[in-house]
Amino acid sequence: MRLNGEIYDGEDREEGEQKLVVGYALTLKKRKSFLQPNFERLARNKGISFVAIDQNRPLSDQGPFDIILHKLLGKEWCEIIEEMGKFDLELKRSHSSSNSTNDCQMDYRQTQPQVIVLDPPDAIQHLYNRQSMLQNVVDLNLSDFHGKVGVPRQMVITEDPLSIPDEVTKAGLKLPLVAKPLVVDGSTKSHELFLVYDQFSLSELEPPLVLQEFVNHGGVLFKIYIVGDAIKVVRRHSLPNVSKCELAKVAGIIPFPRVSSASASADDADLDPGVAELPPQPLLERLAKELRHRLARPSVVQYRHDPRAWDKRCLLCY
Ligand SMILES: Nc1ncnc2c1ncn2[C@@H]1O[C@H](COP(=O)(O)OP(=O)(O)OP(=O)(O)O)[C@@H](O)[C@H]1O
Ligand SMILES: O=P(O)(O)O[C@H]1[C@H](OP(=O)(O)O)[C@@H](OP(=O)(O)O)[C@@H](O)[C@@H](O)[C@@H]1OP(=O)(O)O
């Protein structure tokens, strides 16, 4: 990694020796979950500091930053970042078309050192639709590669809630079902999910939504994060299995927001080896490669997989 002309070697630094400044633009919620004191301390020890970007002031008056890390959805913010990207591109063009590029490069570096934006807007593909994001997994056809990869049986309901019971019967989906808003736009509401235990209650749901068969998976799931070639798997607690007996006794709709959030980490939990075993690396690598290919241009794949039921040699993504 480039740091004012030096290469970052990943070694710990003496306290106070700053090598990398990361400007961040994140929601308050994300700041709380991401910039934990332990993380900031670890980063500081490695010479990396995090500085909040003030969105009310021009970016050029702030910093200098080596990296800009952002996860904001607003159009205004995207334009600011895009403008930065254009400036950088123009600069590169003027370098390649002129012989006296060094002057230009020097001016630019002096006023605004080269910043790595994670990620530039044109390298981000937002996956808003729960159905289409899973279609990429269906299309992979990884049916016999160190195990299977698939998605739970599901259907999309866009209109009349009163028709849902019939539509579910026609589609042959088995109860209990997980009801999820069709669109995941980062809002709290888009992560409000319901477990539906009986046919009649289905008409109380609010379309547009995805209805998925609930798959028992031992109360543990894996989240797979892919950045370039790096793959990180974490274990999270999840919903417990639903037995036939429970299904016969329980009725209605039960809400369950964010059951597998970062605070539900099961990395250090004492688990049954049957559910704790991680999916094999070759399968993860293949999955990452195929998804990167299918999701086309982005250099960093921002995709969410919650594969489970690995104890049955079946990686389900939802
Ligand atoms: N088909 C399913 N079968 C069993 N459990 C499921 C199923 N779908 C989702 N879950 C449970 O619901 C949780 C949330 O599901 P999902 O990841 O689809 O929603 P989300 O709102 O995108 O969640 P997150 O907050 O993790 O981003 C999962 O972590 C898992 O515990
Ligand atoms: O805070 P953010 O808005 O980035 O929320 C993201 C959340 O991160 P958090 O853990 O920091 O809350 C993620 O959880 P983990 O990776 O930890 O499982 C995951 O649920 C994403 O789907 C959320 O993105 P969204 O779908 O809402 O855009």
Side-chain angles (χ1 to χ4, degrees), residues 24-36 39 69-74 77 118-119 124-134 137-138 149-156 168 171 173-197 209-227 231-243 246-247 253-267 269 275 300-312 314-318:
Y24 64 85
L26 303 169
T27 57
L28 186 61
K29 169 180 154 298
K30 193 72 190 170
R31 281 191 204 186
K32 281 190 187 154
S33 66
F34 171 64
L35 287 171
Q36 301 271 334
F39 175 74
L69 184 65
H70 69 113
K71 186 176 177 186
L72 293 178
L73 287 177
W77 171 254
L118 292 176
D119 286 319
I124 297 173
Q125 193 179 355
H126 290 286
L127 295 164
Y128 284 134
N129 182 308
R130 288 190 194 266
Q131 186 195 30
S132 61
M133 74 168 79
L134 288 184
V137 179
V138 175
V149 177
V151 304
R153 279 167 34 89
Q154 64 175 24
M155 68 184 298
V156 173
V168 165
L173 293 193
K174 291 203 177 67
L175 295 163
L177 297 178
V178 185
K180 312 180 182 189
L182 179 61
V183 174
V184 258
D185 57 4
S187 63
T188 307
K189 196 158 173 50
S190 68
H191 292 291
E192 281 170 1
L193 274 48
F194 298 88
L195 205 49
V196 190
Y197 282 92
L209 46 87
V210 172
L211 291 175
Q212 257 176 26
E213 283 187 348
F214 181 89
V215 186
N216 282 338
H217 54 283
V220 178
L221 60 79
F222 309 119
K223 287 204 177 191
I224 303 173
Y225 298 86
I226 303 163
V227 181
I231 302 172
K232 171 80 183 160
V233 185
V234 299
R235 248 185 232 111
R236 297 268 172 91
H237 288 291
S238 174
L239 293 175
N241 289 349
V242 177
S243 66
E246 186 187 344
L247 184 59
I253 299 181
I254 299 181
F256 66 97
R258 310 311 285 256
V259 283
S260 305
S261 63
S263 58
S265 171
D267 280 335
V275 290
V300 175
V301 175
Q302 301 194 338
Y303 197 84
R304 306 161 327 115
H305 321 279
D306 301 345
R308 305 140 313 101
W310 182 241
D311 53 326
K312 295 193 186 110
C314 178
L315 201 61
L316 286 172
C317 303
Y318 53 78

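All values reported here derive from a predicted model rather than from experimental measurement. In listed order, ligands and their atoms are each counted from 1.
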Q: Could you walk me through whether Glu213 and Leu177 pass side-chain contact (heavy atoms from CB on, under 4.5 Å), step by step?
A: CA-CA 5 Å; Glu213 283 187 348; Leu177 297 178; 4.1 Å; yes
If you take the nearest heavy atom of each of [options], which one is closest to [atom]?
atom: atom 8 (O) of ligand 2; options: Lys30, Arg236, Lys32; answer: Lys30
atom: atom 3 (N) of ligand 1; options: Leu221, Val210, Val215, Thr188; answer: Val215
atom: atom 29 (O) of ligand 1; options: Ser261, Ser260, Ser190; answer: Ser260

Which of the atoms of ligand 2 are close to [X], meaning less than 4.0 Å from one of its heavy atoms?
X: Ser33; answer: 9 (P), 11 (O)
X: Tyr225; answer: 15 (P), 16 (O), 17 (O), 18 (O)
X: Lys29; answer: 1 (O), 2 (P), 3 (O), 5 (O), 12 (O)
X: Gly186; answer: 25 (P), 27 (O), 28 (O)

Can you find an N or O of [X] that's nearer than 3.5 Å to an N or O of ligand 1?
X: Ser238; value: yes
X: Val259; value: no
X: His191; value: yes

Per-atom contacts, ligand 1 versus [X] - under 4.0 Å to a heavy atom:
X: His217; result: 4 (C), 5 (N)
X: Glu213; result: 1 (N), 2 (C), 3 (N)
X: Val178; result: 2 (C), 7 (C)
X: Arg258; result: 25 (O)

Q. Does ligand 1 have any atom sitting under 4.0 Å from a heavy atom of Glu192?
A. no
Q) Strictly under 4.0 Å, does any heavy atom of Lys223 approach an atom of ligand 1? A) yes
Q. Hey, does His191 come in under 3.5 Å of ligand 2, counting only N/O atoms on both sides?
A. yes
Q.
Between ligand 2 and Arg258, is the shortest N or O to N or O distance under 3.5 Å?
A. yes
For ligand 1, indicate whether the residue [X] contacts it via side chain, backbone, both or neither (heavy-atom separation under 4.0 Å).
X: Leu193; result: side chain
X: Gln212; result: side chain
X: Arg236; result: neither

In Å and rounded to the nearest 0.5 Å, what is the [atom1] to [atom2] distance from [X] to [Y]?
X: Gln131; Y: Gln212; atom1: CD; atom2: CD; result: 10.5 Å
X: Phe256; Y: Ser238; atom1: CZ; atom2: OG; result: 8.0 Å
X: Arg236; Y: Ser263; atom1: CZ; atom2: OG; result: 8.0 Å
X: His70; Y: Asp119; atom1: NE2; atom2: CG; result: 6.5 Å
X: His237; Y: Ser265; atom1: NE2; atom2: OG; result: 7.0 Å
X: Phe214; Y: Asn241; atom1: CZ; atom2: CG; result: 6.5 Å

Q: Please list, chain by chain and in numerical order, all residues satisfying salt bridge (charged side-chain N to carboxylate O under 4.0 Å, His left out) with Arg258, sequence neighbours excluded.
A: none
(Q) So, using side-chain hydrogen bond (donor to acceptor under 3.5 Å, both in side chains) as the criterion, who are the partners of Arg235 when residues are at least two apart? (A) none
Least distance between heavy atoms, [X] atom then [Y] atom:
X: Val196; Y: Leu175; value: O-CD2, 3.8 Å
X: Val259; Y: Ala264; value: O-CB, 3.3 Å
X: Phe222; Y: Val275; value: CZ-O, 3.6 Å

Q) Any side-chain heavy atom of Leu195 within less than 4.5 Å of one from Pro255? A) no
